[in-house]
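The chain is numbered in sequence order, starting from 1. Note: hydrogens, waters and symmetry copies are ignored here, and every other heavy atom, side chains too, is used.
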Amino acid sequence: ACLAEHQVADPVIGLAMDGTGYGPDHTVWGGEVLIASAREYTRAAYLRPMAMPGSASAIREPWRMGISFLEAALGDGWRDLPLPLVQGLNDRQIEVAVKMILSGLNSPLTSSMGRLFDAVAAILGLHLKVAFEGQAAMALEHLASDDSTNPYPFAWENGDAKVIDTSTIIQGVVDDVLAGVPPERVAARFHETLIHGLTDLCGALRRETGLRQVALSGGVFQNVRLLEGLLKRLKAAGFTVYAHRRVPTNDGGLSLGQAVAAAAITD
């Protein structure tokens, strides 16, 4: 949809960041970096998949994703930490969620950026439950202070596709919370981490592919701080960047993208 809006035919580095998308590997996508044109794509990088304990319940109750990311990053030691998330749950909730994660029972895997936002918001105690999808992520955006701040470590593993290791981000968030860093600053550091890290990742892909165009699409880019920060940093790094202006960046633009892709594939 973004390429169609800007009438771009050549392949781009596409950042597809959303809450829920069905991947061809039968996992829930939403944190993907694609080498893409209207006709085809390859998955160049993605967030390391995390379990969604309770499946769709994990969207309505972000505490579930908080537990999933904590368990993956810290092991079971997180349960004894004085985190707002831990203090807001009872032992039974934690025990059941962890068992689901470890067994895989009703816990589909997701690479969704939206679920990462949910997890960080839950760890900070912003929203353990939400009334609508994206509420916790919106609260995290609005909480973030305006002051510039250093990002958390952002790393990925190289392979056929690069796998972004979110454990370094979660560890940084936890360390700050335990150190008494104000949640406004933690939220700001989280945003800066994504802005810096995704720009660095696009730089690595440019060196591999020669591509200098980046397209941003998906509901996560309704986040103005993330969108404006990425636009600024990517352009400063020498990229031509496309983002939605007339076509919605969220699900409202899906039908246009589907129509353009279908036409290109069947042409």
Side-chain angles (χ1 to χ4, degrees), residues 16-32 46-79 81 83-143 163-171 173-174 177 183 186-187 190 194 218-223 226 250-251 254:
M17 305 292 166
D18 209 330
T20 303
Y22 184 67
D25 61 353
H26 308 296
T27 66
V28 181
W29 284 21
E32 321 307 316
Y46 56 93
L47 297 182
R48 185 183 301 283
M50 292 289 149
M52 293 176 61
S55 191
S57 295
I59 299 173
R60 299 186 296 270
E61 300 177 333
W63 64 265
R64 295 175 181 270
M65 292 311 304
I67 287 178
S68 185
F69 277 90
L70 286 170
E71 187 74 18
L74 306 179
D76 60 10
W78 64 269
R79 302 180 214 182
L81 299 177
L83 298 170
L85 170 61
V86 178
Q87 296 168 344
L89 300 173
N90 60 53
D91 292 342
R92 177 64 176 166
Q93 288 174 302
I94 294 173
E95 179 184 356
V96 171
V98 170
K99 285 183 176 180
M100 294 174 75
I101 292 167
L102 296 180
S103 68
L105 178 64
N106 196 25
S107 297
L109 295 176
T110 182
S111 57
S112 167
M113 180 66 79
R115 301 290 80 80
L116 174 60
F117 268 85
D118 284 352
V120 173
I123 291 170
L124 291 176
L126 295 182
H127 282 286
L128 300 188
K129 296 183 179 181
V130 295
F132 57 89
E133 184 174 1
Q135 184 179 5
M138 291 170 61
L140 191 63
E141 176 190 1
H142 295 151
L143 176 68
V163 181
I164 300 168
D165 182 10
T166 53
S167 64
T168 58
I169 302 173
I170 297 301
Q171 182 68 66
V173 169
V174 169
V177 172
V186 176
F190 173 68
L194 298 181
V220 168
F221 290 115
Q222 294 178 105
N223 182 316
L226 179 64
N250 61 2
D251 289 355
L254 276 178

Kindly say whether [Y] contributes a backbone atom to a donor-acceptor pair with the side chain of [X] at under 3.5 angstrom?
| X | Y | result |
| --- | --- | --- |
| Glu32 | Gly30 | yes |
| Ser68 | Met52 | no |
| Ser107 | Leu105 | yes |
| Ser112 | Gly19 | yes |
| Ser55 | Asn106 | no |
| Gln222 | Gly219 | yes |

Go through the steps for Ile67 and Trp78 under the test side-chain contact (heavy atoms from CB on, under 4.5 Å), then give the verdict. CA-CA 9 Å; Ile67 287 178; Trp78 64 269; 3.6 Å; yes
Between [X] and [Y], which heavy-atom pair has the shortest distance, and what is it?
| X | Y | answer |
| --- | --- | --- |
| Ala119 | Phe69 | CB-CD1, 3.4 Å |
| Val177 | Pro84 | CG1-CD, 3.8 Å |
| Trp63 | Leu128 | CD1-O, 3.0 Å |
| Thr20 | Glu133 | OG1-OE2, 3.8 Å |
| Ala122 | Pro62 | CB-O, 3.6 Å |
| Met17 | Gly31 | SD-CA, 3.7 Å |

[atom1]/[X] to [atom2]/[Y] distance, rounded to the nearest 0.5 angstrom?
| X | Y | atom1 | atom2 | result |
| --- | --- | --- | --- | --- |
| Phe221 | Asn250 | CZ | CG | 13.0 Å |
| Ile101 | Met65 | CD1 | CE | 8.0 Å |
| Leu140 | Leu126 | CG | CG | 6.0 Å |
| Asp165 | Arg48 | CG | CZ | 5.0 Å |
| Leu89 | Arg79 | CG | CZ | 12.0 Å |
| Arg115 | Leu109 | CZ | CG | 14.0 Å |

Quick check: do [X] and [Y] have side-chain heavy atoms less than 4.5 Å from each other?
| X | Y | value |
| --- | --- | --- |
| Leu85 | Leu70 | yes |
| Glu71 | Leu102 | yes |
| Val130 | Ile59 | no |
| Leu143 | Leu124 | yes |
| Asp76 | Val98 | no |

Check the surroundings of atom CG in Asn90: do more than 12 heavy atoms from other residues, nucleotides or ligands lie under 6.0 Å from it? yes
With sequence neighbours excluded, what pairs up with Phe117 under the ring-ring contact (aromatic ring centres under 6.0 Å, His included) test?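 Phe117 satisfies ring-ring contact (aromatic ring centres under 6.0 Å, His included) with Phe190, His191 once adjacent residues are dropped.
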Mind running side-chain contact (heavy atoms from CB on, under 4.5 Å) on Glu141 and Leu226 for me, showing each step along the way? CA-CA 8 Å; Glu141 176 190 1; Leu226 179 64; over 6 Å; no
Before you tell me yes or no, could you show the steps for Tyr46 and Ile164 under side-chain contact (heavy atoms from CB on, under 4.5 Å), namely the whole-Å CA-CA distance, both residues' side-chain angles and the distance that decides it to 0.1 Å? CA-CA 6 Å; Tyr46 56 93; Ile164 300 168; over 6 Å; no
Leu74 and Val174: side-chain contact (heavy atoms from CB on, under 4.5 Å), yes or no, with the steps? CA-CA 10 Å; Leu74 306 179; Val174 169; 4.0 Å; yes
